[in-house]
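Some notes on the structure that comes next.
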Amino acid sequence: MNELIDDFSARAKKYLSGLDRRNVFPSPSSLDNLKKFDFPLQNGPVDPAQVLRELDETGSPATVASTGGRYFGFVIGGSLPAALAANLISGVWDQNAGGVTTSPVSAYLEEVSRKWLTDIFSLPADTGIGFVTGATMANFTSLAAARHATLGKMGWNVEDDGLFGAPAINVVVGEEVHVSVLKALSMLGLGRSRIIRVPVDSQGRMKASLIPKNLKPAIICLQAGNVNTGAFDPADQICDIAAGMDAWVHVDGAFGLWAIADPEKEHLTRGINRADSWATDAHKWLNVPYDSGLAFVRDASHLLASMSVSAAYLVEGDEREPFKNVPEMSRRARGVEIWAALRSIGKDGVKDLVKRNCEYARLFAERLQKAGFRILNDVVLNQVLVSFGEPESTNTIIKKIQDDGTCWCGGTIWQGQTAMRISISSWKTTRDDIIKSADAITRIAVRELSGSLIKKTL
Ligand SMILES: *Cc1c(COP(=O)(O)O)cnc(C)c1O
């Protein structure tokens, strides 16, 4: 084992130190090499050192360098050194984080992380929490608690009696709702089509005044951080309306919730802490390794009621039992990485990470705008949408940027306009990374656009 750990350690160092020099997306030949993994499974064992060598030699070059400083696709966070180290040590521990008895250390670190996180997000100190795989499951878990509480008020026990014959719940979302909320609603039997979609403005913010009045019972899902524009639904206004009809308010804040850490973003985040439940990702803006999401529920009893199981063999004490707050029973110890990330950067570190990424998003937008390209969104957070003109040229340029390998950005369609989407979400990203990437993008786009202009003229 010791030799294997030394071998691993040398390979890990090599991979991490090479991130800056390699293309962000793997080369066609590295991808082609993946075929080397595909052969009929042999009968006998293979030396673990050889297994590791095969994974590293063939697998590492085929990875996406999303832990480097120039990956701007989707909303993908990097991996803080302490969080990665915590991931490795907890791999060594191999704890089943489901229960206090199966892993006292994991349960304890979850509870400490719960306190630290509720403080960062300005949530009540006794807010319930579930450590899940990502924001999709965090939305699911929070909305299960919402379903329990909403039907419970009407005398219906949804966990015991299901939804057949239950009173109907009105579910309100913004037109720009993230698909993961729809998926959560579909899995919960609340339906992804029988919802009320409220129109949004040019940035994707819900027009709160258009929420139908006197819907009862209702769950209102608002969004903190639109995946395209970074915009926030007006939480304060929505919470006022919800209070008037006794509705449950759920916040999908997969990355945007972290903006609460920066007081300068108060104009975006005001009122978010008035909601009843919140979903966020730790693998996005907290920069812990995949996978890691968090579900928060103001009244922890609703979370417990929707997620609890009981069986004679499940020993239960007075402490918070992790498995009673999530859909899973056995699972890995995500709280360890979250504790380590927070411990290593502190409250100021979380704030600075958000602040710095947002500043870089503005710098990126400024440079592209100066180069003559159109920025489609108000850059209020870490997301930038850029258009290179016609949809075809924008798509061609995105493809060429991806092939060039200096950085990686994806495409999107924003309110009918084809755009390239830039998300700055990593502690690793420096000012230099932004300048280098903006320069590469400009060079590629200018060449492509002047080329197609010449073609048109001819
Ligand atoms: C990323 C994202 C999700 C889904 O998160 P996963 O971690 O991929 O499950 C949900 N909502 C928003 C707003 C997001 O940005």
Side-chain angles (χ1 to χ4, degrees), residues 64 66 71-79 83 117 121 129-144 146 171 173-188 192 195 197 200 203-206 220-235 238 249-260 265 268-269 272 275 277-296 326-328 331-332 334 337-338 341 354 357-358 361 377 380-385 409-410 412 414 421-426:
V64 175
S66 44
Y71 184 83
F72 307 120
F74 307 94
V75 184
I76 290 192
S79 197
L117 289 163
F121 294 135
I129 191 171
F131 292 74
V132 293
T133 48
T136 304
M137 281 309 286
N139 280 324
F140 172 83
T141 305
S142 308
L143 287 168
V171 178
V173 302
E175 196 56 68
E176 270 291 324
V177 62
H178 192 274
V179 287
S180 66
V181 171
L182 301 180
K183 181 170 183 173
L185 292 171
S186 76
M187 292 192 291
L188 286 163
R192 68 178 138 219
I195 50 176
R197 285 174 172 267
V200 296
Q203 298 302 309
R205 290 173 293 221
M206 201 195 291
I220 305 179
C221 302
L222 66 90
Q223 180 165 257
N226 178 289
V227 278
N228 284 307
T229 62
F232 285 59
D233 286 341
I238 293 170
V249 178
H250 169 67
V251 179
D252 175 9
F255 57 103
L257 203 66
W258 296 96
I260 296 174
K265 307 285 187 301
L268 300 173
T269 60
I272 287 181
S277 60
W278 305 263
T280 194
D281 268 319
H283 58 222
K284 284 180 179 164
W285 236 344
L286 186 60
N287 281 218
V288 305
Y290 281 92
D291 44 27
S292 190
L294 298 159
F296 296 93
V326 291
E328 300 92 341
R331 65 189 171 82
R332 68 181 201 90
R334 297 185 185 88
E337 296 146 7
I338 291 172
V354 168
N357 283 170
C358 294
N377 64 319
V380 293
L381 207 68
N382 61 331
Q383 305 291 115
V384 181
L385 295 176
C409 308
T412 189
W414 174 246
R421 196 164 69 126
I422 298 169
S423 174
I424 323 275
S425 315
S426 175

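In listed order, ligands and their atoms are each counted from 1.
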Check: [Y] main-chain N/O paired with [X] side-chain donor or acceptor under 3.5 Å:
| X | Y | value |
| --- | --- | --- |
| Asp233 | Leu222 | no |
| Ser425 | Trp285 | no |
| Asp252 | Cys221 | no |
| Arg334 | Asp291 | yes |
| Arg192 | Ala184 | no |

Among all protein heavy atoms, pick the one closest to [atom] and tell me residue, atom and distance.
| atom | value |
| --- | --- |
| atom 8 (O) of ligand 1 | Thr136 OG1, 4.3 Å |
| atom 10 (C) of ligand 1 | Ser180 OG, 3.0 Å |
| atom 11 (N) of ligand 1 | Asp252 OD2, 2.7 Å |

[X] neighbourhood, listing ligand 1 atoms whose heavy-atom distance to it stays under 4.0 Å:
| X | value |
| --- | --- |
| Val227 | 14 (C), 15 (O) |
| Phe255 | 15 (O) |
| Gly225 | 13 (C) |
| His283 | 7 (O) |
| Ala254 | 2 (C), 3 (C), 10 (C), 11 (N), 12 (C), 13 (C), 14 (C), 15 (O) |

query = Is it the case that Ser292 and His283 place a side-chain donor and acceptor less than 3.5 Å from each other?
reply =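 Short answer, no.
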Nitrogen or oxygen of Asp281 less than 3.5 angstrom from that of ligand 1 =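 Yes, at least one N or O pair falls under 3.5 Å.
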inquiry  = If the threshold is 4.0 Å, N to carboxylate O, is there a salt bridge linking Arg332 and Glu337?
reply    =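 Answer for the salt bridge query: yes.
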inquiry  = Below 4.0 Å from ligand 1: does a non-hydrogen atom of Val75 turn up there or not?
reply    =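 The answer is no: ligand 1 sits nowhere under 4.0 Å from a heavy atom of Val75.
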ask   = Is the shortest distance from a heavy atom of Lys284 to ligand 1 less than 4.0 Å?
value =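 True for this residue.
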message = I'd like to know whether Asn287 forms a side chain to side chain donor-acceptor pair (under 3.5 Å) with Ser79, so could you lay out the CA-CA distance, the side-chain angles of the two residues, the decisive distance to 0.1 Å, and finally the verdict.
response = CA-CA 5 Å; Asn287 281 218; Ser79 197; over 6 Å; no
